[in-house]
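Since we're looking at a predicted model, the values are computed, not measured.
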Amino acid sequence: MATATSTPTSRAAAIHRHAYWWASSAGCTPTATASKCKARGVDPTVYIHDVMLRLAEGEDQKTLTLREWQARHGAAVADRRSYVLQQLVGKLRA
C-alpha cells in the first residue's frame with residue numbers, strides 16, 4: 001500500500017519545504033542569493049537547482065552554502081553543463 005509520502009507530488013512538496021527551510025535558516029532571500037551568486041560569478045538558477053537536487057539526495061546542508069558549493073561542486077557542475085550543451089548542439093547540427 002502506498003503512503004502519502006511516496007507519491008511524486010508529496011515528495012516534491014517535502015523537498016520544497018526542506019529547501020525553503022534551508023534557505024530561510026541560512027538567511028537567504030531570492031534577491032540576496034542572486035546578488036551573492038552574481039558577485040561570485042555563479043549562475044543563480046544553476047546554483048539553486050543543484051542545491052535542491054543535493055538536498056533531495058540527503059547531502060549535508062552545511063556543504064551547500066554558496067562558498068562551500070562553489071569549492072566542492074562548482075567545477076563539476078560547470079563541466080557537466082558544458083558537456084550536455086555540447087551534446088545538444090551536436091545533435092541539432094546533425
Side-chain angles (χ1 to χ4, degrees):
M1 176 184 239
T3 63
T5 57
S6 66
T7 62
T9 304
S10 62
R11 177 158 169 72
I15 291 168
H16 176 75
R17 279 193 307 275
H18 185 72
Y20 179 79
W21 172 84
W22 170 80
S24 61
S25 68
C28 297
T29 63
T31 304
T33 301
S35 62
K36 288 177 185 176
C37 285
K38 289 177 183 176
R40 288 185 151 278
V42 175
D43 182 350
T45 57
V46 171
Y47 169 66
I48 294 297
H49 180 260
D50 189 63
V51 164
M52 290 187 71
L53 290 174
R54 291 179 191 279
L55 284 171
E57 293 172 356
E59 186 160 336
D60 182 19
Q61 63 190 15
K62 292 176 185 173
T63 66
L64 298 174
T65 63
L66 180 56
R67 182 176 300 175
E68 287 292 320
W69 178 88
Q70 191 174 24
R72 292 175 183 243
H73 310 293
V77 170
D79 290 345
R80 177 69 180 154
R81 182 177 167 92
S82 175
Y83 172 78
V84 169
L85 289 174
Q86 287 174 357
Q87 294 299 312
L88 287 172
V89 168
K91 288 185 181 204
L92 290 173
R93 289 184 180 166

Enquirer: With a 3.5 Å cut-off and sequence neighbours excluded, list the donor-acceptor pairs that the side chains of residues 70-77 form with protein atoms.
Expert:
{"from": "Gln70", "atom 1": "OE1", "to": "Arg40", "atom 2": "NH1", "distance (Å)": "2.7"}
{"from": "Gln70", "atom 1": "NE2", "to": "Arg40", "atom 2": "O", "distance (Å)": "3.2"}
{"from": "Arg72", "atom 1": "NE", "to": "Glu68", "atom 2": "OE1", "distance (Å)": "3.1"}
{"from": "His73", "atom 1": "ND1", "to": "Arg54", "atom 2": "NH1", "distance (Å)": "3.3"}
{"from": "His73", "atom 1": "NE2", "to": "Glu59", "atom 2": "OE2", "distance (Å)": "2.9"}

Enquirer: Grab the two heavy atoms, one from Tyr47 and one from Thr65, that are nearest each other, plus how far apart they are.
Expert: OH-C, 3.4 Å
Enquirer: Applying salt bridge (charged side-chain N to carboxylate O under 4.0 Å, His left out), can you list everything that pairs with Arg80, at least two apart in sequence or on another chain?
Expert: none
Enquirer: At their closest point, which heavy atom of Trp69 faces which heavy atom of Val51, and how far apart are they?
Expert: CD1-CG2, 4.2 Å
Enquirer: What residue pairs, at least two apart or across chains, pass salt bridge (charged side-chain N to carboxylate O under 4.0 Å, His left out) with a residue in residues 81-94?
Expert: none
Enquirer: Among all residues two or more places apart in sequence or in another chain, which pass the side-chain hydrogen bond (donor to acceptor under 3.5 Å, both in side chains) test with Thr45?
Expert: Asp43
Enquirer: Report the distance from atom CG of Leu55 to atom CG of Asp60, rounding to the nearest 0.5 Å.
Expert: 9.5 Å
